[in-house]
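Single-structure report; data block below.
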Amino acid sequence: MTTERYNAREAEPRWQARWDERKLFQTNEADGRPTYYVLEMFPYPSGRIHMGHVRNYAMGDVVARYKRAKGFDVLHPMGWDAFGLPAENAAIERKVHPKAWTYENIATMRNQLKSIGLSLDWSREIATCDPDYYAQQQRLFLDFLKAGLAYRRKSKVNWDPVDNTVLANEQVIDGRGWRSGALVEQRELTQWFLKITAFSEELLSALDGLPRWPEKVRTMQKNWIGRSEGMLVRWALANAHGDGALKEVEVYTTRPDTLFGASFIAVSADHPLAAACAACDPKLNAFVEECRRAGTSLAALETAEKKGYDTGLRASHPLDPSWELPVYVANFVLMDYGTGAIFGCPAHDQRDYDFARAYGLPIKPVVAPPGADAEALIADAAYDGDGVLVNSRFLDGLDVAAAKEEVARRLEAATLGNRPVGERKVNWRLRDWGISRQRYWGCPIPIIHCEACGPQPVPDDQLPVLLPEDVSFDQPGNPLDRNEAWRNVSCPACGGPARRETDTMDTFVDSSWYYARFTAPRAATPTERAVADRWLPVDQYIGGVEHAILHLLYSRFFTRAMKMTGHLGIDEPFAGLFTQGMVVHETYRDASGQWVAPSEIAISEAEGQRRAARLSNGDPIEIGPIEKMSKSKKNTVDPNDIIETYGADTARWFMLSDSPPERDVIWTEAGVEGASRFVQRVWRLVNEAAERGAPAGAAAPEQIGAPAEALRRTAHGALARVGESIERFHFNRCVAAANELANALGQALQAAREPDADIRFALREAAEILVRMIAPFTPHLAEECWAALGHETLVAEEAWPEADPALLASDSVTLPVQVNGKKRDEIVVARDADAATIEKMVRELDVVLKAVGDKPIRKVIVVPQRIVNVVA
RNA sequence: GCGGACGUGGCGAAACCGGUAGACGCACGAGACUUAAAAUCUUGCGCCGCAAGGCGUGCGGGUUCGAGUCCCGCCGUCCGCACCA
């Protein structure tokens, strides 16, 4: 008998059409099944999907298909993060309208995604640039505004000179724009902000209620939110300059216990005090300017020495007014954090220590480490650990915590002017989220500016504010600014002439609530509460770690803000989060150092050495390190090519094989070949089993011999492992289990030329189990095999089979026998054999007698069903 | 500098609560089928050793009858944050 090769190219579209016809993956009204919402981070429509998408969506699809088979009502939607800069760049470079460019890309990528055979509900597809979508986003913005969660203020912003737009703090990485990589400048602009800091405390504490999030992501968010407990402490200025308006300086500290170790005050170059002093001190002015220039660059931050300038001001110590300390402007003090002013305690803070060393300031230790001499310790570095207070008058002998408490009590009681000198204060690193972007291709901020009435919300009946389509990109800047017809409107309050807000929203706003919109994608309000309540939170969210802070933090904020404004009933959007690793590939370069694509070369292996050569002319190519697939290094593989050559199932199978999903996976030609071989092998085995095994639906024979029993055990064991492994996201172990079953089935087919009834039954059963357990991974192949096994139904509609518990546990177990911790032999005993029997058996084993020699056996440890250890 | 993760054959990896280290796959070797090749099938494959046996999960110590797994101290790789007072 010969079976034709499985033709994925022919079969895959056929099964996709079948699923479509039956609307299998569309989610409808509640029908009583428990719900399960699987979501993968939706893609930016860049033009083509890449292997990272295939991996991400393959994982989500396994979960979705598995949960559906387990009886859940599954929601598994897809959409497009469709606003953003590349569309405008395309408009500038290629004279295409951003809208046309975006929707063309979406069309291409939708087809590509469909060719992967994902079990998606396409009827819920949304693109964030659809007016339907952003209209609701504008409603949300206005609701947030009403609730006090959105506001406008002038602020220093991060300006990206390449993208010509403002960036949020989170979007500046090492002083550079997260997208453009350009050095970010500081500018003053009036901006719209979302009040994420209103939820600082909650966003932090709720992280502990997310056990199904990776620890790593929670830690990153904790650090980002950056809670610290400390005090605001006011210092009187002894010899204030000028009009005397600056009579005091307020510092923030988390170490009030070290106040007696203070040796200076330092303020940021952007601090009002610095500005006031600089006004009559040109040298200080020059220093301030220097600090500002150095401010943002990465190199400057890393190598910057502690520099300062003595303002000549003197501050009196809050616990001893007769003690005066110098006030410096210093380059290492951040205006953004705390009050922009600190007191320096060199003995217990490394930065202050460095500064004191540079400027000859006193270094007085006030905390003695346990059992050590404080004086000796601070010789070369600051000590910031716990200890006992010394040199600190009334604090001496207290530990750090007690001293903090004592200082806080005293400073709260003392007054300066009419206010307390000190105040306990929780400080946050998290800043409000600036969302104004000076770009065209984004969601318009629904505000009208009126000279007389100020900024006015666009009235509900005038929503949505649609993006005008007649725009040109022939000059720099925001085309909305130049679009008079769109821009000039009348004030909704007074009817007078007014202008539209021309800034659009940060695209992270778009992705902050799409998961909620998917639950009711065509609703005339942002959400439909009843429906949203039924589906949310997302049970399993899957995406890259690169969004650990930005997108996930914004989404957590949005969920709370939407709850506050009545659109949702939950706090946390994603109950489970999985961050998958990247797809990486070797890099190749030619003799001139130019990157060469994998498709342009051939690899050969001789004497253990891999060599690469250019296909066109045989030139030697250097094999470089394995790196993330990127266009710039040309080490990409196009999913389309793979699907055309091998089929989607092969690509999916390979993406989930070998590497654990959270780790990077290395794309190799050999790996794809391996996956393809598996697909073909399953097809052959199943066809052979269909022919030689029992017919569909045949009952189990009364007598089952040992070989048939063994095959059944393997099949049921593999099935149980696959289910368990999917639940735990160990897809690579599912692949291993499937391989084992395929091996066992292959061997059984080999062994039984003319099989008896029991073997025939086991062959069919094993083949059916194999097909059904790979169905979430290679769904098309599974359908084709299922049909070959004589079924009329679709595997995609079958329930997940239950492994027979009787076949998972056997009556006898093999126990390894160790002597002094080294394995010497094995014994087979009854599963429920008692320890005494086992011990007796073991004591008589030749290997044990030999290994023990003439030493007495001191002890025999029997761990039931696991191991025996003889101690001599 | 701070925080986190990781380190197992030639390679990707597995090993659930401390209980047979290396499942499964890739690569490679031998054989069968074939005029030949591909495909497929059988078989071998941690290291040293003819073997018996010994050694082996980055390194050094410890706890334990027993450690890849737990504890202490190093080394290395990757990631995140980075003057946050």
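Each chain gets a letter, A, B and so on, in the order its sequence line appears, and its residues count up from 1.
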| query | Is it true that A:Arg677 and A:Glu673 have a side-chain N and a carboxylate O under 4.0 angstrom from each other? | reply |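 The answer is no: the pair does not qualify as a salt bridge.
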Checking contacts here: which listed nucleotide ([options]) is nearest the side-chain heavy atoms of [X]?
X        : options                : result
A:Ile867 : B:rU20, B:rC16, B:rC83 : B:rU20
A:Ala736 : B:rA85, B:rA23, B:rU40 : B:rA23
A:Asp658 : B:rG25, B:rA85, B:rG3  : B:rG25
A:Met220 : B:rC41, B:rG80, B:rC83 : B:rG80
A:Asn223 : B:rG3, B:rU20, B:rC24  : B:rG3
A:Ser659 : B:rG12, B:rC24, B:rC83 : B:rG12
A:Lys823 : B:rC55, B:rU20, B:rC41 : B:rU20

ask   = Which way is the base of B:rG9 turned, syn or anti, if we draw the line at 90° from 0?
value =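 Glycosidic conformation of B:rG9: syn.
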**Chi class for B:rC45: syn within 90° of 0, otherwise anti** =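 B:rC45: anti glycosidic orientation.
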Between B:rA27 (P) and A:Glu673 (CD): distance, integer Å: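 Going from CD in A:Glu673 over to P in B:rA27 covers 8 Å.
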Any donor-acceptor pair under 3.5 Å from [X] side chain to [Y] backbone:
X        : Y        : result
A:Arg692 : A:Leu749 : yes
A:Asn331 : A:Lys307 : yes
A:Gln221 : A:Ala548 : yes
A:Ser725 : A:Arg721 : yes

Nearest-angstrom distance, [atom1] atom, [N] to [M]:
N      : M      : atom1 : value
B:rG46 : B:rC11 : C1'   : 13 Å
B:rA23 : B:rC75 : C1'   : 30 Å
B:rA14 : B:rU20 : C1'   : 14 Å
B:rG80 : B:rU63 : P     : 40 Å

Under 4.0 angstrom between [X] side-chain N/O and [N] OP1 or OP2:
X        : N      : answer
A:Arg677 : B:rA27 : yes
A:Lys822 : B:rC55 : yes
A:Arg663 : B:rA14 : yes
A:Tyr337 : B:rA85 : yes
A:Asn732 : B:rA23 : no
A:Arg866 : B:rC17 : no
A:Arg429 : B:rA82 : yes

Under a 4.0 Å heavy-atom criterion, the protein footprint on nucleotides 57-68 of chain B, written with B, S and -, is --------BS--
Less than 6.0 angstrom separating the ring centers of [X] and [Y], yes or no?
X        : Y        : result
A:Phe355 : A:Phe332 : yes
A:His317 : A:Phe343 : no
A:Trp213 : A:Phe578 : no
A:Tyr359 : A:Tyr328 : yes

Quick one: on RNA chain B, does A:Ala341 or A:Gly671 contact a more 5' nucleotide (nearest heavy atom)?
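By nearest-heavy-atom nucleotide position, the 5'-most residue is A:Gly671.
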Encoded 5' to 3' (Watson-Crick or G-U under 3.5 Å; [ ] crossing; | other strand), RNA chain B becomes (((((((..(((......[....))).(((((.......))))).(((....)))..(((((..]....))))))))))))....
Exercise for review: Mark yes or no: A:Arg5 above the aromatic ring of A:Trp683, with NZ or CZ under 6.0 Å from the six-membered ring centre and no more than 45 degrees from the axis.
Suggested key: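 No, A:Arg5 does not sit over the ring of A:Trp683.
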Flag side-chain contact, heavy atom, 4.5 Å: A:His585 against A:Val637 =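 Side chain of A:His585 against side chain of A:Val637, heavy atoms only: contact under 4.5 Å found.
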